[in-house]
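Structure, as structure tokens:
In what follows, residues are counted from 1 in the order of the sequence shown.
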Amino acid sequence: MNQGIILLGIKHCGKSTLGRMLAAQFNCPFFDTDDVIAEMTGKTPREIYQQQGAEAFMEAEARACDYLSRYLASLGEDEYVIATGGGICNNQEALNSLQRLGFFLFLEVPEEVAANRIIEEIEWEDGAMKNLPAYIEKEAPPTTEQVAQIFSGFYKQRTSLYRKLAQITCNLTGVTPEENCQLICEALFSQDCRWD
């Protein structure tokens with residue numbers, strides 16, 4: 001049985017940061033599907049979404065996940081950590097490729113925490129907000145309150161999907177990444193995932 005860990009979760013739940021920490025702790029490779037997309041296309045996921053639209057981004061994400069699946073199979077790796085994009089729960093083709101690699105672990109953070117992280121990264125340019133997730137930026141919200149409102153709808157919809165997809169859900173309540181990494185390890189060990 002493959003023991004790859006595929007991290008799911010809303011944007012800013014800590015998938016990339018915690019994924020790297022887990023990979024270091026377990027001495028295994030780490031991959032980020034957003035990085036694979038950028039390497040394959042020469043564009044960031046945000047650039048693809050903004051320039052070509054959601055459908056083009058989902059196609060690029062599906063190709064990246066298929067490539068990653070075939071690449072890991074060719075290496076014969078059976079332990080690794082993969083961080084996914086925040087909207088992968090809506091991309092069945094990408095999920096199908098990743099399901100062959102291991103199990104889905106949902107990193108659940110409170111809505112307010114994720115929303116605050118998005119708001120903290122806002123950059124203002126000529127009175128307009130920049131550096132927002134593409135699905136929020138396209139709505140051109142004029143205030144941070146409306147950013148939080150738009151995000152709230154996505155949070156509720158995606159969280160419901162993540163819970164259905166994941167074999168393990170880990171509620172991240174720790175203050176630091178180190179504390180959250182420990183929570184994930186405890187969740188893995190409690191499920192007897194052979195990561196010891």
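- At distances below 3.5 Å, at least one donor-acceptor pair connects side-chain atoms of Arg46 with backbone N or O atoms of Leu132.
- Between Glu108 and Arg163, some side-chain heavy-atom pair lies under the 4.5 Å cut-off.
- Across every non-hydrogen atom of Ala54 and Tyr49, the tightest pair is CB-CE1, 3.6 Å.
- Counting all heavy atoms, side chain and backbone alike, Gln51 lies closest to Lys43 at OE1-NZ, 2.9 Å.
- Between the side chain of Tyr155 and the backbone N or O of Glu111 there is at least one donor-acceptor pair closer than 3.5 Å.
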**Request:** Go through the steps for Ile150 and Glu137 under the test side-chain contact (heavy atoms from CB on, under 4.5 Å), then give the verdict.
**Result:** CA-CA 10 Å; Ile150 295 168; Glu137 190 170 288; over 6 Å; no

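- In terms of heavy atoms, His12 sits closest to Ile118 at CD2-CG1, 3.2 Å.
- Looking at Thr173 and Glu179, their side chains never come closer than 4.5 Å, going by heavy atoms from C-beta outward.
- In this pair, Phe154 and Tyr135 present their aromatic rings tilted. The plane angle is within the 30 to 60° band.
- The 12-atom threshold is exceeded at CD of Gln50, counting heavy atoms of other residues, nucleotides or ligands nearer than 6.0 Å.
- One finds the CD1 atom of Ile82 at 8.5 Å from the OG1 atom of Thr33 (value rounded to the nearest 0.5 Å).
- Distance check: Ile10 CD1 to Cys89 SG gives 7.0 Å after rounding to the nearest 0.5 Å.
- Looking at heavy atoms from C-beta onward, Asp34 lies out of side-chain contact with Thr44 at the 4.5 angstrom threshold.
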**Request:** Start with the C-alpha distance between Gln92 and Asn96, add both sets of side-chain angles, then the distance that settles side-chain hydrogen bond (donor to acceptor under 3.5 Å, both in side chains), and finish with yes or no.
**Result:** CA-CA 6 Å; Gln92 191 60 53; Asn96 290 344; 2.8 Å; yes

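- Separation of atoms NZ (Lys130) and CH2 (Trp124) is listed at 11.0 Å; rounding is to 0.5 Å.
- Separation of atoms CG (Leu165) and CZ (Arg158) is listed at 12.5 Å; rounding is to 0.5 Å.
- Looking at heavy atoms from C-beta onward, Arg117 lies out of side-chain contact with Lys11 at the 4.5 angstrom threshold.
- Here the side chain of Lys15 pairs no donor or acceptor atom with the backbone of Leu107 at under 3.5 angstrom.
- In this structure the side chain of Val109 never reaches within 4.5 angstrom of the side chain of Asn180, judged on heavy atoms.
- Each of Thr17, Leu105, Ile184 was compared with Leu22 under the side chain to side chain contact (heavy atoms under 4.5 Å, CB included) criterion, and only Ile184 meets it.
- At least one side-chain heavy atom of Leu188 sits less than 4.5 Å from a side-chain heavy atom of Ile5.
- Here the CD atom belonging to Gln99 is positioned 11.0 Å from the SG atom belonging to Cys65, to the nearest 0.5 angstrom.
- Side-chain atoms of Phe57 and Asn91, non-hydrogen and from C-beta on, never get closer than 4.5 Å to each other.
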**Request:** Go through the steps for Ser97 and Tyr67 under the test side-chain contact (heavy atoms from CB on, under 4.5 Å), then give the verdict.
**Result:** CA-CA 9 Å; Ser97 293; Tyr67 167 80; over 6 Å; no

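- The cluster map of Ile, Leu, Val, Met, Phe, Trp and Tyr, joined by side-chain heavy atoms under 4.5 Å apart, puts Tyr80 and Tyr71 in the same cluster.
- Once rounded to the nearest 0.5 Å, the distance linking OG1 of Thr159 with CG of Leu8 reads 11.0 Å.
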**Item:** side-chain contact (heavy atoms from CB on, under 4.5 Å) between Phe151 and Ile136, intermediate numbers included
**Value:** CA-CA 7 Å; Phe151 174 73; Ile136 295 177; 3.9 Å; yes

**Request:** Could you check Glu93 against Asp66 for side-chain contact (heavy atoms from CB on, under 4.5 Å), going step by step and ending with a plain yes or no?
**Result:** CA-CA 9 Å; Glu93 187 177 349; Asp66 177 63; over 6 Å; no

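- Between Ala166 and Phe106 the shortest heavy-atom distance is CB-CB, 3.6 Å.
- Between Ala94 and Ala62, the shortest heavy-atom distance links the atoms CB-CA, 3.9 Å.
- Leu72 places none of its side-chain heavy atoms less than 4.5 Å from the side chain of Pro29.
- Side-chain atoms of Thr84 come within 3.5 Å of backbone N or O of Leu7 as a donor-acceptor pair.
- Leu161 and Ile168 fall into different hydrophobic clusters, where Ile, Leu, Val, Met, Phe, Trp and Tyr are joined by side-chain heavy atoms under 4.5 Å apart, directly or via other members.
- Side-chain contact of Ser152 with Lys156: a donor-acceptor pair under 3.5 Å is present, judged by distance alone.
- Around the CD atom of Glu121, the shell of radius 6.0 Å holds more than 12 heavy atoms that belong to other residues, nucleotides or ligands.
- Residues Gly42 and Glu47 share a closest heavy-atom pair of O-OE1, 4.5 Å.
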